[in-house]
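The structure appears right after this line, and notes come after that.
When reading the values below, keep in mind they use all heavy atoms of this one structure, side chains included, and skip hydrogens, waters and symmetry mates. Sequence lines set the chain letters: A, B, ... in the order given, protein chains first and strands last, and positions in each chain run from 1.
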Amino acid sequence: MSDDATESSEEADSTAREMHAEDDPYVLQGPQPHPFWAESVAEKILDRDPDDPIVIKGGISPSGVPHLGNMNEIVRGYFVAEALRDRGREVRQVFTADDRDPLRKLPRKLADLDGNVVDLGDVNAGALGRNLGKPYTAIPDPFECCDSYGEHFSNLIERSAELLGIPVEMVSNTELYESGEFEELTEYLLDNQQKAREVLGHYQDKVDEDYVPFNPICEECGKITETVTSVDTEAGTVEYVCTDMEAGDKTIEGCGHEGTATFREGKLPWRFEWPAQWEVLGVDHEPFGKDHAEGSWPSGSDVARNVFEIEPPVPMAYEWFTLDGEPFSSSSGHVIMVQDTLEMLEPEVLRYFFTKDPSKARDFSVEHLDQLVDEFDAFERAYFGEESGETDEEIAAAAYPPVVRPTIAARFETDGTPIADPETGSVPVADADRETYDEVIDETFHSRVRLPYTFAAVLGMTDDPDLREAIARREGHLAEEPEWAVEMALSRVERAREWARRTGNEFDYELKRTEMPYVDLDADTEAALDELADFVENHDDPDEIQGEIYETAKRHDIDIGEFFSVGYRLFFDDDQGPKLGPFLAKLDKQFVLARLRREE
RNA sequence: GGGCCGGUAGCUCAGUUAGGGAGAGCGUCUGACUCUUAAUCAGACGGUCAGGGGUUCAAAUCCCUUCCGGCCCGCCA
C-alpha cells in the first residue's frame, strides 16, 4: 500500500540544517592545492576515488537565448574534465537540457539556430502564449526548424559547445522521463514521501502534508500540474486534478481535468529532480551558478544524502558574468552568445576567459575586448616562456593546453602538418590524441604570431589582404613565420574589425572608396592637397610621402593636426585613422590622386 | 528581516589560502625620436585596498561592525 498524501503529519521545519562537511559549494575558498582552480577541483573529485568514466554534468532549461553566462555550465566543467584527463582519467561531460520544465513566461527575445536574436513579435507569439505551463518539449518550435521549442534551444546550446570544441553529451530530460530512467526513483520517492517531505521541509515552508513530490502532465491540456490527489505505486500511477499554477506574479490556469498519469507522464519538482539526475547519470561533479548555491544546492545535497541515500557530486559555485557592466538578461535581449563573440575573438581567447577564478564576478566587456585579448596574448607568451613578467606561469602551464588544444586540433594534423583550410575554429580532441597535440603545441604552434588586437583593428580599414599583410610586415609584426602562422595572425583582422564596427569605437573606420565624403576646405588647404597629389604622383616611398605631408602643411602654414584630419576626412570620413603616408603609398595611385584632387 | 558571495588606481583586474615593501595592463599627463596617427620608447601623475573599530611589533589580508552591489531564503533553472 502506498502513502496517502493526506495522511502525512510531518510539519514543515524551516530551521537551519547543518550541511554535510563535503557539501560546501564554495570549494575555491581557503587554501587550494594548485594555482589553477580547475586542478584544485579535480583533486577534490579524485579524493573520492570515483570510477572511470568520471561524469561531469551541467544543465539549464532551454528557455531562451543561451548566452555567455550560461556557458559556465559547460566551459567550467570542461577545464575540470581536462585536468582529470591530464591525470589519465576518462571523463564524460554531460549536459542536461532540462526540457520538461514548463514555459512560465514568454521571453521577449528569441534566437534562430544561427544565433540571430529576434523579437518575440517576429515569430508566432500568439501560438507561443497558448503554451504557457507546458513542457518545453511539448511546445512547437516558433522557428519551425526543430521538433519543439525545447529542442530548438537545446540545439543552440549544443552548437555553442561545438563552436568551442568542447565534447559534451547532450541529455534530454524529457527523454529520461519517457524512457523510464526516473521511474525507479519516482516510485521510491512516492513510497517514502514522509522522508521526502521531512527533508525538503527544512528548506521550503510550503511543504506540508499534502505535498506530493511529483507533478503530472495533464492529459487534457498538456500542462504541468501540481495537485496530486492520490498515489498508487503498485500500479505506477497518480491521480491528479489540473489546477492553476502560480508562475511569478501570474497564474497559469489549469483546465480542471481529473485524470491519471504514469510516472513517465510528469516530472519531479526541481529540488528532487536535480538529485535524481545525479543518481541516474552517476554525476561526480557539477558546477552551478551562485543562485543555486544558497537555494537548491543545500536542499539538493540533503535530499541526495538523506532521501535517496547517495553521495551528491563535488559542487562548485561560480559567480555570474555581467555584459558591459549589466546583468545578462535573456528575456530583454541584453545577451551575447558564443556565436557573437567568435566573430570578434579567436575561440582560444574565449576559452581563456573561462579559466579565470570562478568565485569572482566578472564583466565581459565588449567595449574593452582589446584588453581581454592583450591579456590572453600575455598568457600565451607566459606559457611559451617568452615573457618574464607578472603573468602567472604556473597557471599558464596548467591552463593554456586545454585553452588551445581544440584550436590545434582544428588547424593541424596530429603530426603537426597544418590543415590548409580549416572548416571550423575548434575541434574536440580525442583522448588518444592529447599527447600528440601537446607536442604540436610545443614544437609547432610556438611559432604562431599574434597581431596586437588594436593594430589588427587598424588593418581592418582596408579589405585588401595583400595590403593588410604588407602593412603588418612593415610595422614589424610579421617576419619569417610559416604560412599557417601568417594566415592565422591576419585572421585576427576581420575579428578586430568586427569589434570596431560593433562598438563604433575609434578604430571603426573604413575606406570611403565609392563616394567622397563632404569636407569643407579653404584655399590654402586645397592648394596643399593639390601639391601633395603632385608629389604622390611621382613618389612611392611610404616614408617620403609621410614626410611630405608635414612639409606641405608647413609650406601652406596649415596646422599639422588639421591637415591630417582633412586627409582622414577625405579617405575615411573620420578625424583619425592609420598612419597616412604608408597607407596612401599602398593604395592604388589613381584613386589616391583623384581623391586628393577632390575629383570623385 | 535572515543567509551567502563580492567591494583594491579613471577602466579591467592580480595580490587575501600561510599578516610584514600597495601592484600590472590600459587610460591620462610630460618628454624624446630633426615624421601626432594601434605609433614606439622613457618618465610622471594616480589608491585613507568601501567606512569604522579591534587583535598584533606589523592588517588589503585575521576578528567585530556599518554601508554599497549581486544572489538565495516563493516559483524556476
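Partners of A:E279 under the salt bridge (charged side-chain N to carboxylate O under 4.0 Å, His left out) rule, at least two apart in sequence or in another chain, do not exist in this structure. Under the salt bridge (charged side-chain N to carboxylate O under 4.0 Å, His left out) criterion, A:K134 pairs with no residue at all, not counting sequence neighbours. Under the salt bridge (charged side-chain N to carboxylate O under 4.0 Å, His left out) criterion, A:E531 pairs with A:R555, not counting sequence neighbours. Here A:D463 pairs with A:R497 under the salt bridge (charged side-chain N to carboxylate O under 4.0 Å, His left out) rule; sequence neighbours left out. Under the ring-ring contact (aromatic ring centres under 6.0 Å, His included) criterion, A:F572 pairs with A:Y509, A:F583, not counting sequence neighbours.
When each of B:C35, B:C76, B:C5 is scored by its nearest atom to the side-chain atoms of A:Q546, the top-ranked nucleotide is B:C35. With B:A77, B:A18, B:G74 as the candidates, the nucleotide lying closest to the side chain of A:Q204 is B:G74. Side-chain proximity of A:D205 to B:G74, B:C35, B:A38: nearest is B:G74.
Using P as the reference atom, B:U56 and B:G19 are 16 Å apart when rounded to the nearest Å. For the C1' atom pair drawn from B:C29 and B:G10, the interatomic distance equals 13 Å after rounding to whole Å. Rounded to whole Å, the P atom of B:G7 lies 8 Å from the corresponding atom of B:A14. When the P atom is compared between B:U16 and B:A58, the two are found 22 Å apart, to the nearest whole Å. Annotation: B:G27 and B:G2 have their P atoms spaced 45 Å apart (nearest Å).
When heavy atoms are screened at a 4.0 angstrom cut-off, A:W274 is found touching no nucleic acid atom at all. At a threshold of 4.0 angstrom between heavy atoms, the contacts of A:I560 include nucleobase atoms, whether or not backbone atoms are also involved. Among the heavy atoms of the strands, none lies under 4.0 Å from A:E367. Here A:T454 lies in heavy-atom contact (under 4.0 Å) with a base. Nucleic acid contact for A:G547: none, since no nucleic acid atom lies under 4.0 Å from a heavy atom of the residue. Here A:R100 lies out of heavy-atom contact (under 4.0 Å) with every strand. Note on A:K267: only backbone sugar-phosphate atoms sit closer than 4.0 angstrom, heavy atoms only; bases stay farther off. Contact annotation for A:F583: no contact, since no heavy-atom pair falls under 4.0 Å across all strands. Within 4.0 Å (heavy atoms only), A:H477 reaches at least one base atom of the nucleic acid. Base contact: A:D291 has a heavy atom under 4.0 Å from a base atom.
The distance between atom CZ of A:F321 and atom C1' of B:G70, rounded to the nearest whole Å, is 15 Å. Computed from coordinates, the A:L532 CG to B:C35 C1' distance equals 14 Å when rounded to whole Å. A:H67 has its NE2 atom 11 Å from the C1' atom of B:A77, to the nearest Å. Remark: P of B:C4 and CD of A:E319 are 14 Å apart, rounded to the nearest angstrom. Rounded to whole Å, atom C1' of B:C4 lies 4 Å from atom CD of A:E294. Between the CZ atom of A:R271 and the P atom of B:C72 there is a distance of 11 Å, given to the nearest Å. Following rounding to the nearest Å, A:N215 (CG) and B:C75 (P) show an atom-to-atom distance of 12 Å. Look at CE on A:M245: it is 14 Å from C1' on B:A77, rounded to the nearest Å.
Using Watson-Crick or G-U wobble geometry with both donor-acceptor distances under 3.5 Å, B:U17 finds no partner in any strand shown. With both pairing distances under 3.5 Å, B:U30 is matched to B:A42 as a Watson-Crick or G-U wobble pair. Across all strands shown, B:G6 forms a Watson-Crick or G-U wobble pair, both distances under 3.5 Å, with B:C68.
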Treating primed atoms plus P, OP1 and OP2 as sugar-phosphate and everything else as base, which nucleotides of nucleotides 10-15 of chain B get B, S or - for protein heavy atoms under 4.0 Å?
-BSSS-

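Between the side chains of A:E375 and A:Y352, at least one donor N or O lies within less than 3.5 Å of an accepting N or O.
The minimum heavy-atom distance linking A:S301 with A:D23 is given by the pair CB-OD2, 3.5 Å.
In this structure, A:Y400 has its ring center at least 6.0 angstrom away from the ring center of A:F36.
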